[in-house]
Visitor: 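Got a structure here, written out as structure tokens. Questions coming.
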Amino acid sequence: MLAGALSLAMGLGAAELIAGALSRTETPFVAVGEAFIDRTPAWLKDLAVEWFGTADKAVLLGGMAVVLAVLGGAVGVVTLRRRAVGQSLAVALLVVAGVAVRSRPDTTGVDLLPVGVAGLVALPMLLWLVRRAEEAEAADLAEAADLADAERATDRDGTPSAAGASASPVRGDVDGAASRRSFLTGAATAAALAFVGAGLGRLLGARRAGVENSRADLATNVDLPTPRNPAGVSVDVAGIEPWRTPNDEFYRIDTALSVPLVRAEDWRLRIHGMVEREVEISYDELLAMGTVDRWLTLNCVSNEVGGSLIGNAYWTGVPVAEVLALAGPEPDADAVLSTSDDGWNASTPLDVLTDGRDALLAIGMNGEPLPVEHGFPVRVIVPGLYGYVSATKWVTDIEVGRFDEFDAYWTTRGWSERGPVKVSSRIDVPDSGAEVSAGTVAVAGVAWAQHRGIQAVEVRVDGGDWTRTRLADVPSTDTWRQWVWEWDARPGGHRLEVRAVTADGEVQTGAEAPPAPDGSTGWHGIDVDVR
Ligand SMILES: Nc1nc2c(c(=O)[nH]1)N[C@H]1C(S)=C(S)[C@@H](COP(=O)(O)O)O[C@H]1N2
Ligand SMILES: [Mo]
């Protein structure tokens, strides 16, 4: 029983640890508890609150621990008799935990990782402990048999008999005291590791909670304007991506397996390097400099033609140039290396940050404090540059210097040192491969060339002449621009392609290039079947 209960505990402890390290809150233990709470009938909930008050959660957790100990004990006993059945029971418990995890809101496949780890830890531990227990038991039986033999032999003729020496099949193979010792050592280790794992996991999880609290405080104390789309930015065609990307739909790209957890009150930004004076500012000091609100489109250099690694949001932040001015960059500096709390970094041209464009140290996204996954509490965003050379999330350090001295994260991995956004466009509707009815069909999408602006978007059918589309309005050159074209569709299979023209006259090239090393090119095309 101890073997079963402790191996289960150790598996769950490991799951807590992994979940904590990944900043996931839905551990198997927690998820089962929450799923249970959600399924508890109201009268029982009321009763629990009436009986236990605010201790109801502690009572539930204690109750769960007891139930798990009993279940684990049963698994141990069954495993002792029938290995395969016992292990299947253990796996069944893990499956239940997995289902509970996935039944929680906002969980993804990643949240199943701790469940898997629990299995990888618990199952071998179960077998090992059960085997030690079995050996100890067998040795006990053998010793008891020896004793009985010896007594019988002594009874008969008064002298100990040598015949009893081979009465038990396991005698000689197993030393009972050693097996017991090794079972107890294993059991104690399992118990200790379960506690340590769970404890560390909780600590890590508590940090996430602290950061979310910090976000929640800011949401009430900092004035972040509600995003309202400027007039005319949408072509209002069903199926097109919304002009403003909601935070939970905004693409996420970073190297962080466990997201950096920095509370606003602990955040500091150091500005140093080739500057007149080194400066360090706090979150409150940053806010006190005064914020601006801007619509900016951010995209990833890894975006394939027609891809979706792009989003448009209403950002609140302090101009990077003003923060740099506090330190006073030296005249021969040409780059800024911004570094994240987790060590990731990007080098950005100094002149781009100071040429008057809305390069921001952003604190707000779509009227909310930055989501943790998008860089809370402070990130950089620079209109006109790909994210990998500019948009450092969880930024804590800004070094002014020279490109020839900086080695930024992606630059050392073969991507270009400079990453200006390339003009591009995308067809959102109809879907590629769609069947549409002959007649008027709305073809619509977006085009972008941040900080340069889009002057025209053209489409062509089956390689024919390029036709101008109707453009929606934009508040500045820094956002993507929606377009729509009423197509008089004739029956048959057709290929539609799109290209954009920047405000300064560059026509988007049809030459195809992959994302590496400085962004994909080519026209986005779709095939549709007109009936
Ligand atoms: N700290 C940190 N910041 C980062 C990255 C990263 O890996 N780590 N990735 C960058 C890249 S490649 C892009 S495209 C943008 C994506 O920002 P988002 O996840 O908020 O959309 O963040 C940038 N900032
Ligand atoms: Mo990116």
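Atoms within each ligand, like the ligands themselves, are counted from 1 in listed order. Please read all numbers here as calculations on a predicted model, not as lab measurements.
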Visitor: Do we see a donor-acceptor contact under 3.5 Å between the side chains of Glu241 and Asn312?
Guide: no
Visitor: Taking non-hydrogen atoms within less than 4.0 Å of ligand 1, which protein residues qualify?
Guide: Phe250, Tyr251, Arg252, Ile253, Asp254, Thr255, Leu298, Cys300, Ser340, Asp342, Trp344, His374, Arg379, Gly387, Tyr388, Ala391, Thr392, Lys393, Trp394
Visitor: Under 3.5 Å, is there a donor-acceptor pair linking the side chains of His451 and Asp358?
Guide: no
Visitor: Might you point out which heavy atoms bring Gln482 and Val235 nearest each other, and give the distance in Å?
Guide: OE1-N, 2.9 Å
Visitor: Can you give me the closest heavy-atom contact between Trp466 and Arg499, atom names plus distance?
Guide: NE1-NH1, 3.1 Å
Visitor: Just grab all the salt bridge (charged side-chain N to carboxylate O under 4.0 Å, His left out) pairs involving residues 504-522, residues at least two apart or on different chains.
Guide: Lys422-Asp518, Arg452-Asp504, Arg452-Glu506
Visitor: Looking at Phe250, is Arg252 sitting on its ring face, NZ or CZ under 6.0 Å from the six-membered ring centre and within 45 degrees of the normal?
Guide: no
